Amino acid sequence: MSTNHLLEINQYGQSIWMDNLTRDIIQSGELKDMIENQGISGITSNPAIFEKAIAGNAIYDADIEAGVRAGLPTYKIYESLVFADIRNACDILRPVFEASNRLDGYVSIEVPPTIAQDTEATINEARRYFQEIGRENLMIKIPGTEPGLPAVEQVIAEGMNVNITLLFSVDSYINTAWAYIRGLEKRLAEGKDISRIASVASFFLSRIDSNIDSKIDAKLKKGVDDIAVEAKLTDVKGKVAIANAKIAYQEYKKIIESDRWKALAAKGATVQRLLWASTSTKDPNYNDVMYIEELIGRDTVNTVPPATIKACADHCNVGDRLETDVDKAYTLIENLKDPDINIDLDAVMDELLVEGIDKFIQPFQSLMNSLEEKIKVLSPV
């Protein structure tokens with residue numbers, strides 16, 4: 001029997017979560033099997049995932065019809081479908097949650113992407129989601145936008161688990177980590193327990209390389225006279241996301257060595273783990289599991305789509321690499337400022353954040369539209 005390399009990763013202190021959730025895998029028992037036999041210890045979801053899961057899938061029709069008969073608006077029907085899937089996934093993962101002492105076993109659900117820039121709306125929806133879904137191992141996903149971070153702080157202070165998503169720059173990660181710390185400090189100041197709260201900071205990968213690679217390709221297409229300059233440009237391709245992530249991890253290490261964090265840890269606080277997201281390789285010329293292999297390390301999570309899970313189980317070369325070639329990572333990022341390369345990484349990160357929110361708003365609205373069409377079909381005449 002061939003080795004499942006996913007099972008080796010946990011030895012290095014990293015958890016593997018799956019970036020996918022559908023009712024099919026819940027009802028078929030596939031999700032339970034992946035948890036029990038393939039090393040999957042958590043689930044992340046987003047509006048794009050639910051659009052794929054629900055649109056055109058008859059498995060949801062009975063519940064949609066029930067919502068129509070109950071006179072529910074489209075948005076409430078959507079929530080009834082998604083909340084049911086999230087609750088069931090939480091229940092299936094509950095044994096992992098308990099066996100890992102609340103480290104793993106979480107299911108993430110995102111607040112509506114349309115409110116990513118509204119602090120108060122984000123806080124209110126997070127409260128409502130946490131209460132209505134009613135599972136201890138639920139994580140509320142909040143985008144790491146400027147208005148999102150005060151919401152993170154407040155939601156943590158109120159005792160909810162939070163997955164801060166759409167982080168691209170190292171600075172945005174640092175700001176996220178301190179928002180978590182401030183939330184815990186606020187809760188502790190109110191005399192409340194901080195030992196039962198979990199958080200991850202979702203740091204996106206492949207989208208960074210796709211963006212920068214396209215800029216490099218545009219420069220190369222224009223033509224480069226100097227072979228040395230061409231080599232500089234080519235050498236950057238496919239490497240920035242991993243370098244950026246390795247630097248973020250070094251910042252994580254500094255933060256957990258701070259006096260403020262140590263004071264919270266002494267009261268039972270759990271570290272906010274870096275979670276590697278957007279880990280499917282977009283360029284077929286690259287190693288299809290590079291965003292897993294190169295970032296295995298302690299106190300991290302990698303959330304992986306199904307196709308990449310299968311690829312990694314089959315041929316991941318597992319090793320503790322998160323802190324290898326760190327000096328090269330800093331050099332690579334610094335070299336982006338070289339006039340011959342001339343890529344403004346801050347501008348790229350800002351662009352990716354705006355795109356990232358839009359990539360969740362579009363499928364969310366598309367799902368609402370397809371649900372409305374299905375409701376018309378299923379509504380009694």
Side-chain angles (χ1 to χ4, degrees), residues 8-17 19 41-42 44 103-104 106 144 149 152 162-181 198-209 212 236 238-262 264-265 269-281 287 289-304 308 312 316-336 345-346 348-349 352-353:
E8 300 170 4
I9 292 175
N10 194 246
Q11 299 168 19
Y12 296 96
Q14 183 175 86
S15 301
I16 296 293
W17 294 2
D19 193 28
S41 59
T44 51
L103 181 69
D104 287 309
Y106 292 94
L149 293 186
V152 168
V162 183
N163 177 341
I164 302 91
T165 188
L166 289 175
L167 302 176
F168 294 96
S169 73
V170 173
D171 284 346
S172 68
Y173 160 65
I174 293 169
N175 292 336
T176 291
W178 287 110
Y180 175 57
I181 287 170
S199 180
V200 292
S202 291
F203 205 69
F204 279 52
L205 300 173
S206 64
R207 294 184 193 181
I208 296 172
D209 283 336
I212 288 175
V236 169
K239 294 178 182 174
V240 176
I242 288 169
N244 198 49
K246 289 187 175 189
I247 292 168
Y249 188 75
Q250 294 305 306
E251 293 300 325
Y252 158 80
K253 288 174 65 183
K254 292 175 190 174
I255 288 164
I256 63 169
E257 285 300 315
S258 69
D259 290 340
R260 283 175 69 183
W261 173 253
K262 286 179 178 178
L264 292 168
T270 303
V271 292
Q272 180 192 60
R273 292 183 292 174
L274 268 162
L275 177 149
W276 313 126
S278 182
T279 55
S280 62
T281 306
N287 175 358
V289 290
M290 70 180 192
Y291 296 117
I292 303 176
E293 289 182 348
E294 295 302 320
L295 295 173
I296 297 169
R298 185 159 300 284
D299 295 331
T300 58
V301 180
N302 200 319
T303 187
V304 188
T308 311
C312 183
C316 257
N317 178 5
V318 176
D320 194 350
R321 297 190 185 88
L322 184 51
E323 294 198 81
T324 60
D325 296 329
V326 172
D327 289 343
K328 287 183 181 178
Y330 282 105
T331 301
L332 179 73
I333 298 300
E334 189 61 29
N335 285 348
L336 295 177
L345 191 58
D346 290 336
V348 168
M349 299 312 188
L352 286 167
L353 180 58

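Keep in mind that this is a model prediction, so the values were computed, not measured.
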To the nearest 0.5 Å, how far apart are CG in Leu322 and NZ in Lys253? 8.5 Å

Starting from the C-alpha separation in whole Å, work towards a yes-or-no answer on side-chain contact (heavy atoms from CB on, under 4.5 Å) for Gln272 and Ile255. CA-CA 10 Å; Gln272 180 192 60; Ile255 288 164; over 6 Å; no

Which heavy atom in Thr308 sits nearest to a heavy atom in Ile292, and how many Å separate them? CG2-CD1, 3.7 Å

Going by heavy atoms in the side chains, are Ile181 and Leu264 under 4.5 Å from each other? yes

Please report the interatomic distance CH2(Trp276) to CG(Asp19), rounded to the nearest 0.5 Å. 15.5 Å

Leu295 versus Arg321: any side-chain heavy-atom pair under 4.5 Å? no

Does the side chain of Leu332 reach to within under 4.5 Å of the side chain of Asn244, using non-hydrogen atoms? no

How long is the gap from CD1 on Ile174 to OH on Tyr252, to the nearest 0.5 Å? 14.5 Å

Are any of the side-chain heavy atoms of Ile164 and Val200 separated by less than 4.5 Å? no

Closest heavy-atom pair and its distance - Ser258, Trp178: OG-CH2, 3.7 Å

Just by distance, no angles: are the side chains of Asp299 and Tyr249 close enough, under 3.5 Å, to form a donor-acceptor pair? no

Spell out, as yes or no, whether a donor-acceptor pair under 3.5 Å connects the side chain of Asp209 to the backbone of Ala241. yes

Rounded distance (nearest 0.5 Å) linking atom CD1 of Ile9 with atom CG of Asp320: 11.5 Å

In sequence, state the C-alpha distance, the side-chain angles, and the governing distance for Glu294 and Lys246, and then conclude on side-chain contact (heavy atoms from CB on, under 4.5 Å). CA-CA 9 Å; Glu294 295 302 320; Lys246 289 187 175 189; 4.3 Å; yes

Salt bridge present between Arg298 and Glu323 (N-O < 4.0 angstrom): no

Do the non-hydrogen side-chain atoms of Tyr180 and Val162 ever get within less than 4.5 Å of each other? no

Pairing donors with acceptors under 3.5 angstrom, does anything connect the side chains of Thr303 and Thr44? yes

CA sep, side-chain torsions, deciding dist, call: Leu166, Phe168, side-chain contact (heavy atoms from CB on, under 4.5 Å): CA-CA 6 Å; Leu166 289 175; Phe168 294 96; 4.1 Å; yes

Is the backbone of Leu275 close enough, under 3.5 Å, to the side chain of Ser202 for a donor and an acceptor to pair up by distance? no

Rounded to the nearest 0.5 Å, what separates atom SG in Cys312 from atom CD in Glu293? 7.0 Å

Minimum-distance pair of heavy atoms, taken over all atoms of Trp261 and Ile256: CD1-O, 3.3 Å

Does the pair Glu257/Lys254 count as a salt bridge with the N-to-O cut at 4.0 Å? no

Report the relative orientation of the aromatic rings in Phe203 and Tyr173; use parallel for angles under 30°, tilted for 30 to 60°, perpendicular for over 60°. perpendicular

Is there a donor in the side chain of Tyr106 and an acceptor in the side chain of Asn163, or the other way round, less than 3.5 Å apart? no

Please report the shortest heavy-atom distance between Val240 and Val236, naming the atom on each side. CG2-CG1, 3.7 Å

Keeping the roles fixed (side chain from Thr331, backbone from Asp327), state whether a donor-acceptor pair exists under 3.5 Å. yes

State, yes or no, whether a side-chain contact exists between Val304 and Ile16 at a heavy-atom distance under 4.5 Å. yes

What's the shortest heavy-atom distance between Gln14 and Ile296, and which atoms? NE2-CA, 3.6 Å

Side-chain contact test, heavy atoms from C-beta onward, threshold under 4.5 Å: evaluate it for Leu149 versus Thr176 and give yes or no. yes

Phe204/Leu167 under side-chain contact (heavy atoms from CB on, under 4.5 Å): CA gap, chis, key distance, verdict: CA-CA 6 Å; Phe204 279 52; Leu167 302 176; 5.6 Å; no

For Met349 and Ser169, which heavy atoms make the closest approach, and how far apart are they? CG-CB, 3.6 Å

Would you call Asp104 and Arg273 a salt bridge, taking side-chain N to carboxylate O under 4.0 Å as the test? yes

Please determine, by modelled atom types, if Ser206 and Ser278 share a side-chain donor-acceptor pair under 3.5 angstrom. yes

Roughly how far, to the nearest 0.5 Å, is the CG atom of Leu205 from the CE atom of Met290? 9.0 Å

